[in-house]
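Step one of this worksheet: look at the structure below.
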Number of protein chains: 2
Amino acid sequence: MTSYIDKINTYIKTLDHDTLTALQSISSDKKYKKGDLLLKQHEICGKSYLLMSGIARKYYLTDGKEITTELYFENDLAVSFDSYTLQQPSREFIEALTDVTVSITHYQAFQEAKAKYPKLLALDLMLAEYYGMWVENRLFQFHTMTATERYLEILHKSPHIVQTVPLTIIASYLGISLETLSRIRAKV
Amino acid sequence: MTSYIDKINTYIKTLDHDTLTALQSISSDKKYKKGDLLLKQHEICGKSYLLMSGIARKYYLTDGKEITTELYFENDLAVSFDSYTLQQPSREFIEALTDVTVSITHYQAFQEAKAKYPKLLALDLMLAEYYGMWVENRLFQFHTMTATERYLEILHKSPHIVQTVPLTIIASYLGISLETLSRIRAKV
DNA sequence: TTAGAAATTTGACTTAGGTCAAATAATGAA
DNA sequence: TTCATTATTTGACCTAAGTCAAATTTCTAA
């Protein structure tokens, strides 16, 4: 599936000058401090955030508890998918876990650009497909793997997560309690 | 999210004659008997299956056990998403749970049609977005809900599933054992 | 209709993971 | 440095859900 990111990047490199400048004209950089919220619950996700540097996460609250649903590193694209797609209030927050720099693209401007530049429509499809496969893979893990197996998967495939993100957040991302994660780590 | 299906259907109704005939020219109907496999593991999912009638499911095998990942009813579109998107061998099977009639569209022909008819590209994006939101919602359920809560969710939002699909399959779809499902049902 | 197979339920017991509480360890600002 | 806060670990006990085995119930094909 990493190969699909390559495919997307390769595709972006083939974009013509006009398409590329159109895209740049509707994007702008912004910095956030550690702890800042890029998106709040109940807000409509009217922007996409491409992480240039730093770490961020997406999470929601269920009876007072924060459940992390996605972790973002450099070059990851952060949005609340359903809020962005349906332009309806978000169930999720997006939070900067460190100071971050992002490239922001507005939803509405991007919709208009897609109508004018079909290559952006194709790009949007690729991004949606990638996200679909990513979520499908995560669901697969919850459906069939134990907590220990899920932790080992992260440890092997995304060691940077374990190295940079607090265990409380990793535990909620794995869908287990902090104590259980600590015990799993104490073993292998 | 049902509203998004409405949006997709509304969009389809706005398709011009040429686009529509192009789509029809690359689609054909086919019937399968109960128990037939529309897609086998390790095959590349080179077709999409729009269910016209009957019930089908998608599942994979983990150490000999069948895990159902999706149930299809009339008007549902069945594909192994990553296999179809990446055109790589499928981890999943697609099986007819009853006699079914499907409208089959070939992947390759659809790719070519999308290049010629941009409205099909936009349609494809909507379908990918819908699937992404659907999977995200299922992941949410696995991430935060107990087995009982997941069962009640199905019971309320998709009662047709409980009425038509064997409990063994529903149990694996919920990620629980058959016995646990039976006990949940014995209560409320 | 009826025997055999398949689906579902029930019982007894085990286990992964949760909860609550307390003890350490690590970090960061004054 | 040092104190206070935050992060992580450890202990004791609990609970949801799994496993294995057997009993029923429901279908289905002859």
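Since we're looking at a predicted model, the values are computed, not measured. In what follows, chains carry the letters A, B, and so on, assigned in the order in which the sequence lines appear, proteins first and then strands, with residues in each chain numbered from 1.
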Most 5' of I176(B) and V165(A) on DNA chain D, judged by nearest nucleotide: V165(A)
Contacts of S177(B) and L181(A) projected onto DNA chain D by closest heavy atom; the upstream (5') one is L181(A)
Closest non-hydrogen contact found for E129(A) with A128(B) is CG-CB, 4.3 Å
So which heavy atom on I170(B) is nearest to which on V165(B), and how close? CD1-O, 3.3 Å
To the nearest Å, how far apart are [X] [atom1] and [N] [atom2]?
| X | N | atom1 | atom2 | value |
| --- | --- | --- | --- | --- |
| E179(A) | dT8(D) | CD | C1' | 10 Å |
| F142(B) | dG17(C) | CZ | P | 15 Å |
| L167(A) | dT10(D) | CG | P | 12 Å |
| Y151(B) | dT8(C) | OH | C1' | 12 Å |
| Q163(B) | dT8(C) | CD | C1' | 18 Å |
| R183(B) | dG18(D) | CZ | P | 10 Å |
| I184(A) | dG17(C) | CD1 | P | 6 Å |
| L178(B) | dA22(D) | CG | C1' | 14 Å |

Of F142(A), F81(A), Y60(A), which is the lone residue that meets ring-ring contact (aromatic ring centres under 6.0 Å, His included) with F140(B)?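 Option passing the ring-ring contact (aromatic ring centres under 6.0 Å, His included) with F140(B): Y60(A).
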Derivation and outcome, side chain to side chain donor-acceptor pair (under 3.5 Å), residues R185(B) and Y151(B): CA-CA 9 Å; R185(B) 284 161 57 87; Y151(B) 174 70; 3.0 Å; yes
Please determine whether a side-chain nitrogen or oxygen atom of T180(B) lies at a distance below 4.0 Å from atom OP1 or OP2 of dG18(D). yes
Ignoring backbone atoms, establish whether K65(A) has a side-chain N or O less than 4.0 Å from OP1 or OP2 of dT19(C). yes
Tell me which nucleotide among dG18(C), dT10(C), dT8(D) gets nearest to the side chain of T168(A).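 Among dG18(C), dT10(C), dT8(D), the one nearest the side chain of T168(A) is dT8(D).
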